[in-house]
Amino acid sequence: MRPIAIMAAMQEEMVGLTSALSDARTINNGSRQFTTGTVHGQPVVLVLSRIGKVAAATTATALVERFDVSAIVFTGVAGGLASGVNVGDMVVASEFIQHDMDASPLFAPLEIPLYGRAVFPTDAGLTESLRAAAQGLLNNLSQWVDRDTLHALNVQSPKVHSGLVLSGDRFVSTSAESQALQKRLPLALAVEMEGAAVAQVCHDYDVPFAAVRTISDRADDAATTDFSRFIHEVASRYTSALMGAWMASRRG
């Protein structure tokens with residue numbers, strides 16, 4: 001059985017996943033450390049991609065070429081953009097755009113040169129199964145994160161959203177930049193730094209791809225403070241609980 005790959009950009013997002021592996025084995029490839037094993041009897045490869053589009057793309061390529069993965073799932077955190085997408089919510093991506101791609105006037109703004117497109121969709125089946133697992137997690141969130149922590153971070157009745165996610169090589173951390181992105185791409189739910197690059201690699205290799213992001217901040221003037229606290233206190237618990245539930249749901 002070909003393994004499923006699970007990627008994250010930061011160590012805090014990966015720690016809980018690694019501890020859940022059975023028969024874990026570490027393989028070094030280039031500057032990346034890949035951990036193989038099983039979760040609920042299914043083979044997986046875990047890897048920390050590091051931050052940014054180039055790092056994510058090289059890692060995804062290695063997963064496909066070295067490990068022959070059957071699918072790639074990216075998990076981690078993102079900044080909320082759309083109204084109603086709040087800290088503690090989860091966004092399951094249905095499609096990605098690189099918001100910082102602009103090769104005009106040779107190509108249309110946002111279009112990936114020589115691809116004839118700006119939007120890269122995720123795999124519908126994987127995306128729906130992740131959405132269902134995310135909803136199940138939030139329905140029972142108090143099992144994973146204590147109420148005092150959620151209250152301190154102002155997490156109230158978190159929701160699951162599905163739709164467009166933006167990627168770019170910037171940590172969006174001002175209200176002005178966030179509002180500019182919303183004005184230019186009003187359907188965007190969230191912004192992060194890796195997903196669109198992985199979506200493009202998976203398109204190139206015809207490998208199913210899905211991504212789920214927990215909202216750590218609102219990509220505004222308070223983003224740096226909110227992000228730092230959320231990533232240390234909550235992100236790893238969300239990620240490990242979600243991926244465990246999702247893998248368990250695939251056994252049948």
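One-based numbering along the sequence shown.
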Open item on the list: Please say yes or no: joined through hydrophobic side-chain contacts below 4.5 Å, possibly via intermediate residues, are Ile112 and Val119 part of one cluster?
Closed with: no

- [ ] Side-chain contact test, heavy atoms from C-beta onward, threshold under 4.5 Å: evaluate it for Arg218 versus Val85 and give yes or no.
- [x] yes

- [ ] Dump the intermediate steps for side-chain contact (heavy atoms from CB on, under 4.5 Å) on Tyr115 and Asp204, then the final yes or no.
- [x] CA-CA 10 Å; Tyr115 281 75; Asp204 287 346; 2.8 Å; yes

- [ ] Compare all side-chain heavy atoms of Asp102 with those of Leu110 and state whether any distance is below 4.5 angstrom.
- [x] no

Task: Minimum heavy-atom distance Leu242-Leu130, with the two atoms named - done: CD1-O, 4.3 Å

Task: Interatomic distance, Met243 atom CE to Ile4 atom CD1 [nearest 0.5 angstrom] - done: 10.0 Å

Open item on the list: If hydrophobic clusters are built from ILVMFWY residues whose side chains come within less than 4.5 Å, do Phe120 and Val201 share one?
Closed with: no

Open item on the list: Side chains of Phe209 and Asp123, heavy atoms from C-beta outward: is any pair under 4.5 Å?
Closed with: no

TODO: Establish, for the pair Arg32 and Phe34, whether the NZ or CZ atom is under 6.0 angstrom from the six-membered ring centre and no further than 45 degrees off its axis.
DONE: no

Open item on the list: Taking Pro3's backbone N and O only, do any of them form a donor-acceptor pair with Ser70's side chain (distance below 3.5 Å, no angle check)?
Closed with: yes

Open item on the list: Looking only at the side chains, is there a donor atom on one of Thr26 and Gln33 sitting less than 3.5 Å from an acceptor on the other?
Closed with: no

Open item on the list: For the CZ atom of Phe96 and the CD atom of Gln200, what is their distance to the nearest 0.5 Å?
Closed with: 12.5 Å

Open item on the list: One pair to check against side-chain contact (heavy atoms from CB on, under 4.5 Å): Trp246 and Val212. What are the steps and the verdict?
Closed with: CA-CA 11 Å; Trp246 179 67; Val212 57; over 6 Å; no

Task: Heavy-atom side-chain contact between Met7 and Leu48 under 4.5 Å - done: no

Open item on the list: Membership question, hydrophobic clusters at under 4.5 Å side-chain separation (ILVMFWY): are Val73 and Val69 in the same one?
Closed with: no

Open item on the list: To check you understand the geometry: which heavy-atom pair defines the closest contact between Glu65 and Tyr205, and what is its length?
Closed with: OE2-OH, 2.6 Å

Task: Pair Glu194 + Arg213, salt bridge at N-O below 4.0 Å - done: yes

Open item on the list: Can you give me the closest heavy-atom contact between Leu137 and Tyr238, atom names plus distance?
Closed with: CD2-O, 3.8 Å

Task: hydrophobic_cluster_shared for Ile51 and Val77, side chain cutoff 4.5 Å - done: yes

Open item on the list: Testing the basics here: between Ile215 and Gly80, what is the closest heavy-atom pair and its distance to 0.1 Å?
Closed with: CG2-N, 3.6 Å

Open item on the list: Are the side chains of Met101 and Pro113 in contact, using a 4.5 Å heavy-atom criterion?
Closed with: yes

Open item on the list: How long is the straight-line distance from CG of Leu81 back to OG of Ser83, given to the nearest 0.5 Å?
Closed with: 11.5 Å

Open item on the list: I need the Thr38 OG1 to Met1 CE distance, nearest 0.5 Å.
Closed with: 10.5 Å

Task: Straight-line distance of Cys202 SG to Phe74 CZ, nearest 0.5 Å - done: 11.0 Å

Open item on the list: Quick check on Asp206: does its CG atom have over 12 non-hydrogen neighbours (other residues, nucleotides or ligands) under 6.0 Å away?
Closed with: no

Task: For the student: nearest non-hydrogen atoms of Val172 and Ser178, plus distance - done: CG1-N, 4.0 Å

Task: Check: Thr58 side chain, Val54 main-chain N or O, donor-acceptor pair, under 3.5 Å - done: yes

Open item on the list: So which atom in Leu126 and which in Ala71 form the shortest heavy-atom distance, rounded to 0.1 Å?
Closed with: CD1-CB, 3.8 Å

- [ ] Kindly compute the distance separating OG (Ser129) from CZ (Arg250), expressed to the nearest 0.5 Å.
- [x] 6.0 Å

Compile the donor-acceptor pairs under 3.5 Å between side chains in residues 86-95 and protein atoms, sequence neighbours left out, one pair per line.
from: Asp89; atom 1: OD1; to: Lys159; atom 2: N; distance (Å): 2.9
from: Asp89; atom 1: OD2; to: Asn86; atom 2: N; distance (Å): 3.0
from: Asp89; atom 1: OD2; to: His161; atom 2: NE2; distance (Å): 2.8
from: Ser94; atom 1: OG; to: Gly163; atom 2: O; distance (Å): 3.3

Open item on the list: Within the structure provided, determine whether His99 and Val191 are in side-chain contact (heavy-atom separation under 4.5 Å).
Closed with: yes

Task: Contact check, side chains of Leu46 and Leu21, non-hydrogen atoms, under 4.5 Å - done: yes

Open item on the list: Keeping Asn140 on the side-chain end and Gly136 on the backbone end, is there a donor-acceptor pair under 3.5 Å?
Closed with: yes

Open item on the list: Check for me, please, whether Ile6 and Phe67 land in the same ILVMFWY cluster - side-chain distances under 4.5 Å, paths through other members count.
Closed with: no

- [ ] For the pair Arg170 and Glu177, find out whether any cationic side-chain nitrogen is under 4.0 Å from an anionic carboxylate oxygen.
- [x] yes

Open item on the list: If you apply the rule side-chain contact (heavy atoms from CB on, under 4.5 Å), what do you find for Ile97 with Leu185, and how did you get there?
Closed with: CA-CA 10 Å; Ile97 289 176; Leu185 292 160; 4.2 Å; yes

Open item on the list: When you compare the side chain of Thr36 with that of Val44, does any pair of heavy atoms fall below 4.5 Å?
Closed with: no

Open item on the list: Please check: side-chain N/O of Ser167 versus main-chain N/O of Ala196, any donor-acceptor pairing under 3.5 Å?
Closed with: yes

Open item on the list: According to side-chain hydrogen bond (donor to acceptor under 3.5 Å, both in side chains), who are the partners of Thr239, at least two apart in sequence or on a separate chain?
Closed with: none

TODO: Go through the steps to decide whether Thr174 and Asp220 satisfy the test side-chain contact (heavy atoms from CB on, under 4.5 Å), and finish with yes or no.
DONE: CA-CA 4 Å; Thr174 68; Asp220 56 13; over 6 Å; no

